[in-house]
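Order of the sequence lines sets the chain letters (A, B, ...), proteins ahead of strands, with each chain counted from 1.
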2 protein chains.
Amino acid sequence: MITLTEENYIKSIYQLGRYGTMTVSTNGIAEALETKASSVTDMVKKLAEKGYANYKRYQGVSLTLEGKKIAADVVRKHRLWEVFLVEKLNFTWDEVHDIAEQLEHIKSEKLINELDKLLDYPTHDPHGDPIPDKNGDIKKTDKILLFNLAENAKGVCVGVKDTSSSFLKYLDKHKIALGSEITVVSREDFDDSMVIQINGTMTISISQAVANNLFVKEEALD
Amino acid sequence: MITLTEENYIKSIYQLGRYGTMTVSTNGIAEALETKASSVTDMVKKLAEKGYANYKRYQGVSLTLEGKKIAADVVRKHRLWEVFLVEKLNFTWDEVHDIAEQLEHIKSEKLINELDKLLDYPTHDPHGDPIPDKNGDIKKTDKILLFNLAENAKGVCVGVKDTSSSFLKYLDKHKIALGSEITVVSREDFDDSMVIQINGTMTISISQAVANNLFVKEEALD
DNA sequence: AGATTAATTTAGGTTAATCTAAAAATAGTT
DNA sequence: AACTATTTTTAGATTAACCTAAATTAATCT
Ligand SMILES: [Mn+2]
Ligand SMILES: [Mn+2]
Ligand SMILES: [Mn+2]
Ligand SMILES: [Mn+2]
């Protein structure tokens with residue numbers, strides 16, 4: 001049996017380590033889960049004993065294959081529930097995360113498969129993050145940060161890095177959504193701000209904090 | 001803050017005490033929750049301290065108004081989720097209970113209200129049990145046990161008392177569902193079995209164990 | 001290298017929820 | 001009323017998940 005807390009630790013290790021490809025630090029996990037490093041050490045030992053993690057003291061943690069499978073499953077559930085909340089229950093993209101944090105721990109394979117079907121097998125959640133399939137595999141896209149788009153380049157908004165409510169509401173206010181076309185009108189060296197045009201209409205200036213938290217898929221120049 | 005465990009105890013007290021109208025025994029709770037009486041005593045003290053229950057040692061427990069509100073809310077969530085699972089996710093009525101036991105603890109008012117809307121404000125769950133409204137009020141129906149129907153009387157099946165998977169599957173096998181019309185063809189004094197006719201077609205003999213776990217709404221004789 | 005700083009682990013404790021075994025109160029029975 | 005059986009409570013332990021403070025190891029900087 002795997003506890004809710006263990007699931008959260010495993011998920012954290014998975015996400016901090018870029019879907020389980022890197023080793024993760026004790027402090028990193030502690031910060032992500034808002035707990036203390038000493039608690040993390042305890043838990044990480046337990047995860048290693050249970051076969052979910054690889055751990056040698058002072059050397060950081062990584063997930064075993066089994067651990068990765070569990071993590072992908074929790075992430076899959078989290079993101080499918082987020083889609084459900086937005087598509088079926090009229091939630092906005094800034095409202096879904098906390099509820100999905102709870103729902104991701106519900107245990108029922110049939111439940112999640114039927115949910116997947118009800119939603120017509122979505123590949124991405126409301127924030128543009130990919131949804132792992134039943135095997136835990138993730139289709140990765142070649143998205144880049146808006147900040148890395150050159151002057152006059154165009155891109156389609158495909159995701160957000162920061163999923164905080166305040167950032168998402170900022171985007172709403174400026175009518176930036178997934179699928180919006182963004183053109184870099186000009187860049188300002190001084191403060192790294194840039195002027196962008198959204199869907200060929202609105203033109204606004206955005207800070208580098210914004211540009212560094214929006215993922216776009218670059219489009220060929222016309 | 002109220003914990004998942006506290007919610008389960010409160011719900012148990014509510015249901016064992018007929019929607020909070022009666023006092024409940026320590027052993028009753030222990031049996032319902034599959035725990036020990038000593039654990040119940042501890043928890044019940046805590047619930048009393050927190051203002052959710054009335055408790056004097058050796059005198060049994062009942063819920064305060066606040067406790068009843070919490071209980072009704074958990075039951076409301078449980079039953080709405082059961083409807084969701086059956087109506088939207090293709091579950092059968094014998095599969096939903098355990099998952100609803102998990103889902104009933106998800107905390108989000110908007111979630112449950114939107115779910116209610118999505119399901120078009122159902123009044124009963126898949127087992128015929130009433131769904132409390134937002135205020136915790138329950139519309140109670142005048143259902144009786146099939147066992148109490150006289151010979152030649154007719155009734156419509158409106159609920160089940162035993163919601164075990166084996167009983168529900170038994171009903172499925174004999175094509176008895178909510179809404180089925182049942183006529184008592186004859187009763188056998190010797191073993192309290194009875195012969196019934198279902199929807200005017202199938203005629204079968206059922207034991208008193210079955211008749212005592214099926215709720216019907218009696219129909220006027222024609 | 002040696003010293004200082006930062007990261008990590010260990011040691012020892014706390015809290016919620018559980019348990020077993022024993023004591024106390026209540027209920028049932030002669 | 002006295003005895004017996006049942007129910008309930010108390011006492012004392014255990015486990016998971018935390019925490020603080022101290023010790024240890026690793027990393028960084030003269
Ligand atoms: Mn999320
Ligand atoms: Mn998301
Ligand atoms: Mn149920
Ligand atoms: Mn039910």
Side-chain angles (χ1 to χ4, degrees), chain A residues 1-17 22-63 66-67 70-71 74 101-102 104-107, chain B residues 1-17 22-63 66-67 70-71 74 101-102 104-107:
Chain A
M1 239 294 110
I2 185 158
T3 68
L4 182 148
T5 310
E6 286 167 357
E7 282 189 347
N8 281 334
Y9 273 92
I10 290 172
K11 184 180 62 155
S12 237
I13 297 167
Y14 183 70
Q15 292 186 316
L16 291 170
M22 294 168 47
T23 268
V24 168
S25 78
T26 301
N27 271 347
I29 299 169
E31 197 185 351
L33 294 178
E34 298 182 89
T35 95
K36 301 291 156 151
S38 55
S39 304
V40 174
T41 301
D42 282 351
M43 179 56 83
V44 143
K45 280 181 191 167
K46 188 164 57 142
L47 294 179
E49 257 169 33
K50 287 195 169 191
Y52 306 136
N54 309 114
Y55 169 68
K56 283 205 208 78
R57 35 212 271 293
Y58 295 104
Q59 301 304 128
V61 209
S62 63
L63 293 176
E66 197 182 350
I70 292 167
V74 173
E101 283 293 308
Q102 301 178 59
E104 72 189 5
H105 301 292
I106 303 293
K107 281 166 189 58
Chain B
M1 237 295 111
I2 185 157
T3 68
L4 182 147
T5 310
E6 286 167 356
E7 282 189 346
N8 281 334
Y9 274 91
I10 290 171
K11 183 180 61 155
S12 236
I13 297 167
Y14 183 71
Q15 293 187 316
L16 291 170
M22 295 167 46
T23 268
V24 168
S25 77
T26 301
N27 271 348
I29 300 169
E31 197 185 351
L33 294 178
E34 297 181 87
T35 146
K36 300 292 156 146
S38 56
S39 304
V40 173
T41 301
D42 282 351
M43 178 57 83
V44 143
K45 281 181 189 167
K46 187 162 59 139
L47 294 179
E49 257 170 32
K50 287 196 169 189
Y52 306 137
N54 309 112
Y55 169 69
K56 281 205 209 79
R57 41 211 266 290
Y58 296 103
Q59 302 304 129
V61 209
S62 63
L63 293 177
E66 196 182 350
I70 291 167
V74 173
E101 283 293 308
Q102 302 179 58
E104 72 189 6
H105 302 291
I106 304 293
K107 281 166 189 59

Does A:I2 reach the side chain of A:K107, with side-chain heavy atoms less than 4.5 Å apart?
yes

Whole-Å gap separating C1' (C:dT18) and CG (B:L4)
15 Å

Select one nucleotide: of C:dT18, D:dT9, D:dC18, the one nearest the side-chain heavy atoms of A:D42.
D:dC18

What is the distance, to the nearest angstrom, from the CE atom on B:M43 to the P atom on C:dC19?
11 Å

Using OP1 and OP2 only, check whether a side-chain N or O of A:K36 sits under 4.0 Å from D:dC18.
no

Quick one: is D:dA16 close enough that its OP1 or OP2 comes under 4.0 Å of any side-chain N or O from A:K46?
no

Please name the nucleotide paired to D:dT30 by Watson-Crick or G-U wobble geometry with both distances under 3.5 Å, or report none.
C:dA1

Does B:K45 put a side-chain nitrogen or oxygen below 4.0 Å from OP1 or OP2 of D:dT10?
yes

Exam field: side chain A:K45 to backbone A:R57, donor-acceptor pair closer than 3.5 Å
no

Would you indicate whether the side-chain heavy atoms of B:H105 and B:K11 approach each other to under 4.5 Å?
no

Within less than 4.0 Å of OP1 or OP2 of C:dT8, is there a side-chain N or O belonging to A:N27?
yes

Mapping A:E6 and B:T26 to their closest nucleotides on DNA chain D, which lands nearer the 5' end?
B:T26

Within a reach of under 6.0 Å around CD of B:E31, are more than 12 heavy atoms found that belong to other residues, nucleotides or ligands?
no

Specify the separation, in whole Å, of atom NZ of A:K50 and atom P of D:dT15.
14 Å

B:S39 side chain, from C-beta outward: closest of C:dC19, D:dT8, C:dT9
C:dC19

A:S38 (side chain) and D:dT20 (base): donor-acceptor pair under 3.5 Å:
yes

Can you tell if the side chain of A:V61 reaches within under 4.5 Å of the side chain of A:L47, non-hydrogen atoms only?
no

Does D:dT10 have OP1 or OP2 sitting under 4.0 Å from an N or O in the side chain of B:T41?
no

Separation of D:dT8 P from B:E31 CD (nearest whole Å)
12 Å

Give the rounded distance in Å between these two atoms: CG of A:L33 and C1' of D:dC19.
15 Å

State whether B:Y55 places a side-chain N or O below 4.0 Å from either non-bridging phosphate oxygen (OP1 or OP2) of D:dT8.
no

Starting at CE of B:M1 and ending at C1' of C:dA16, how long is that distance when rounded to a whole Å?
15 Å

Any side-chain N or O of A:R57 below 4.0 angstrom from OP1/OP2 of C:dT10?
yes

Looking only at D:dT9, D:dA26, D:dC18, the nucleotide nearest the A:T5 side chain is D:dC18

How many Å lie between CD1 on A:I29 and P on D:dC18, as a whole number?
12 Å

Under 3.5 Å donor-acceptor pair, B:Y58 side-chain atoms to D:dT7 base atoms
no

Nearest whole angstrom, please: distance from the C1' of D:dA27 to the CD of A:Q59.
12 Å

Heavy-atom closest contact (A:G60 atom, A:Y55 atom, distance):
O-CD1, 3.8 Å

